[in-house]
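Structure, as structure tokens:
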Amino acid sequence: MRYFVEFAYNGSDFHGSQSQPNGITVQATMEQAFATILREPIALTFAGRTDAGVHARQMFAHFDTNISHAILNTITPRLNNLLPASIAIARIFPVADDLHARFSARSRTYEYHIRTSKDPFAQGFSARVTPDLDFDRMNEAAQSLLGKQDFASFCRVHTDVKTTFCTVFEAYWKNNVFTITADRFLRNMVRSIVGTLIEVGRGRLTPEQFREIIAAHNRCKAGQSAPAEGLYLTHIEYDF
């Protein structure tokens with residue numbers, strides 16, 4: 001039977017979400033906790049991949065097991081006691097066998113948080129940028145992201161994706177937070193978009209030049225990626 005796990009994590013202590021040969025990851029940490037409590041290996045399939053230092057307020061993963069629902073319904077508190085403070089499981093629930101954490105997602109929403117002054121309590125949770133950004137110009141440029149189009153200019157090079165087309169449903173700045181929702185995201189897409197929009201806010205690029213960067217389909221034309229610490233996966237939409 002297939003189960004979904006809804007959880008959140010502070011990415012500061014991890015080398016990304018998905019397992020890799022070197023470095024502590026969210027996936028490996030969670031799989032170890034599941035295996036310890038259930039006494040059998042559990043393979044988690046995440047809804048997406050986040051880089052080192054990126055946070056998730058809402059993430060989903062699925063796994064398949066023959067363990068009864070009655071047992072799985074009781075393990076969330078035990079898992080949370082075993083997991084580090086940086087990972088919190090909200091719930092585990094059964095789903096249809098064909099529901100896939102990654103491929104069944106209708107949309108994902110990310111937020112990027114910035115601050116314009118030094119704040120020791122925000123370290124690791126927002127990125128410090130130059131003050132006096134022009135958010136009106138940044139929002140004007142962000143409107144160019146809407147709709148289905150090729151986002152190769154904001155995609156990490158040398159990836160194995162079959163297409164760089166995505167459909168963006170919303171993209172805007174409000175109160176030092178950039179929110180973007182799309183049907184899918186490319187590797188490093190949000191951070192490179194934010195880094196380029198900040199250049200617009202600084203007056204180094206115009207909204208028209210931002211549109212030209214999108215049309216160029218060339219990562220070299222866009223700005224530097226914003227730091228990982230300001231990025232949060234905040235919502236994933238499914239048909240359930």
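The first residue in the sequence is number 1, and the count goes up from there.
No continuous path of hydrophobic side-chain contacts links Ile193 to Tyr172 [ILVMFWY only; heavy atoms under 4.5 Å]. Following chains of ILVMFWY side-chain contacts shorter than 4.5 Å, one can reach Ile89 starting from Ile71, so the two form part of one hydrophobic cluster. Two different hydrophobic clusters hold Val168 and Val177 under the rule that ILVMFWY side chains link at heavy-atom gaps under 4.5 Å. Following chains of ILVMFWY side-chain contacts shorter than 4.5 Å, one can reach Phe93 starting from Tyr238, so the two form part of one hydrophobic cluster. No path of Ile, Leu, Val, Met, Phe, Trp and Tyr side chains, each step under 4.5 Å between heavy atoms, connects Leu186 with Phe169, placing them in separate hydrophobic clusters.
A search for side-chain contact (heavy atoms from CB on, under 4.5 Å) contacts involving Asp13 returns Ser86, not counting sequence neighbours. Taking the side-chain contact (heavy atoms from CB on, under 4.5 Å) definition, one finds that Ala228 meets it with Val54, Arg191, sequence neighbours left out. In terms of the side-chain contact (heavy atoms from CB on, under 4.5 Å) criterion, residue partners of Thr234 (sequence neighbours excluded) are, by chain and number, Arg57, Thr109, Glu111, Tyr232. Taking the side chain to side chain donor-acceptor pair (under 3.5 Å) definition, one finds that Asn188 meets it with Ser225, sequence neighbours left out. Looking at residues two or more places apart in sequence or on another chain, you find a side chain to side chain donor-acceptor pair (under 3.5 Å) between Asp150 and Thr164. Applying the side chain to side chain donor-acceptor pair (under 3.5 Å) test to Asp183 and every residue at least two apart in sequence or in another chain returns nothing. Glu208 meets the side-chain contact (heavy atoms from CB on, under 4.5 Å) test with Thr206, Arg211, Glu212; sequence neighbours excluded. With sequence neighbours excluded, the residues forming a ring-ring contact (aromatic ring centres under 6.0 Å, His included) with His100 are His62, Phe103, listed by chain and number.
The OG atom of Ser19 sits 11.0 Å away from the CE atom of Met30 when rounded to the nearest 0.5 Å. Atoms CZ and OG1, on Arg184 and Thr163 in that order, are 5.5 Å from each other to the nearest 0.5 Å. Here CD1 of Ile87 is found 10.5 Å from CG of Leu79. Values are rounded to the nearest 0.5 Å. Atom CZ in Phe60 sits 10.0 Å away from atom CG in Leu99 (nearest 0.5 Å). To the nearest 0.5 angstrom, Leu145 atom CG is 12.5 Å from Thr167 atom OG1. One distance of note links CZ of Arg156 with CZ of Arg187; it measures 4.5 Å at 0.5 Å rounding.
A heavy-atom distance below 4.5 Å is found between the side chains of Ser12 and His55. Residues Ile236 and Met59 are in side-chain contact: their nearest non-hydrogen atoms beyond the backbone lie under 4.5 Å apart. Within the 4.5 Å cutoff, no side-chain heavy atoms of Arg78 are placed close to those of Asn81. Side-chain atoms of Glu6 and Gln58, non-hydrogen and from C-beta on, do get closer than 4.5 Å to each other.
Judged purely by atom type and a 3.5 angstrom limit, Gln149 has no side-chain atom pairing as donor or acceptor with the backbone of Cys166. Using modelled atom types, no side-chain atom of Arg49 and backbone atom of Gly16 make a donor-acceptor pair closer than 3.5 Å. Not one N or O on the side chain of Thr25 forms a donor-acceptor pair closer than 3.5 Å with the backbone of His15. The backbone N or O of His69 sits nowhere less than 3.5 Å from a side-chain atom of Asn73 that would complete a donor-acceptor pair.
Outside the 6.0 Å centre-distance limit, the rings of Tyr110 and Phe178 are not counted as a close aromatic pair. Centroid-to-centroid, the aromatic rings of Phe185 and Phe151 stay 6.0 Å apart or farther.
Minimum interatomic distance between Pro84 and Phe14 (heavy atoms only, all atoms of both residues): CG-CZ, 4.4 Å. The two residues Ser153 and Ala216 come nearest to each other via the heavy atoms OG-C, 3.9 Å. For Thr76 against Ala90, the heavy-atom pair with the smallest separation is CG2-O, 4.4 Å.
A salt bridge links Asp64 and Arg2; the closest N-O separation between the charged side-chain nitrogens and carboxylate oxygens is under 4.0 Å.
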Intermediate values then yes/no, side-chain contact (heavy atoms from CB on, under 4.5 Å), Phe7 and Leu83: CA-CA 12 Å; Phe7 58 101; Leu83 288 166; over 6 Å; no

Derivation and outcome, side-chain contact (heavy atoms from CB on, under 4.5 Å), residues Leu133 and Met138: CA-CA 8 Å; Leu133 295 175; Met138 292 161 70; 3.9 Å; yes

Before giving the answer on side-chain contact (heavy atoms from CB on, under 4.5 Å), spell out for Tyr3 and Val95 the whole-Å C-alpha distance, their side-chain angles and the decisive distance to 0.1 Å. CA-CA 6 Å; Tyr3 290 84; Val95 296; over 6 Å; no

Show which side-chain atoms of residues 32-48 pair as donor or acceptor with protein atoms under 3.5 Å away, not counting sequence neighbours.
residue : atom : partner : partner atom : Å
Thr36   : OG1  : Gln32   : O            : 2.8
Glu40   : OE2  : Thr65   : OG1          : 3.1

Would you mind writing out the side-chain donor-acceptor pairs for residues 195-203 within the sub-3.5 Å range, not counting sequence neighbours?
residue : atom : partner : partner atom : Å
Thr196  : OG1  : Ser192  : O            : 2.8
Thr196  : OG1  : Gly223  : N            : 2.9
Glu199  : OE2  : Arg202  : NH1          : 2.9
Arg202  : NE   : Thr130  : OG1          : 3.4
Arg202  : NH2  : Thr130  : OG1          : 3.3

Between side-chain atoms of residues 117-127 and protein atoms elsewhere (two or more places apart, or another chain), which donor-acceptor pairs fall under 3.5 Å?
residue : atom : partner : partner atom : Å
Asp119  : OD1  : Phe121  : N            : 3.0
Gln123  : OE1  : Arg115  : NH2          : 3.3
Ser126  : OG   : Arg115  : NH1          : 3.0

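Other residues, nucleotides and ligands place no more than 12 heavy atoms under 6.0 Å from the CG atom of Asp132. The number of heavy-atom neighbours closer than 6.0 Å to CD of Glu170, taken from other residues, nucleotides and ligands shown, is above 12.
The list of ring pair (Phe, Tyr, Trp, His ring centres under 6.0 Å) pairs with a residue in residues 191-230, not counting sequence neighbours, reads Phe154-Phe210.
Donor-acceptor pairing under 3.5 Å is lacking for the side chains of Tyr9 and Thr29.
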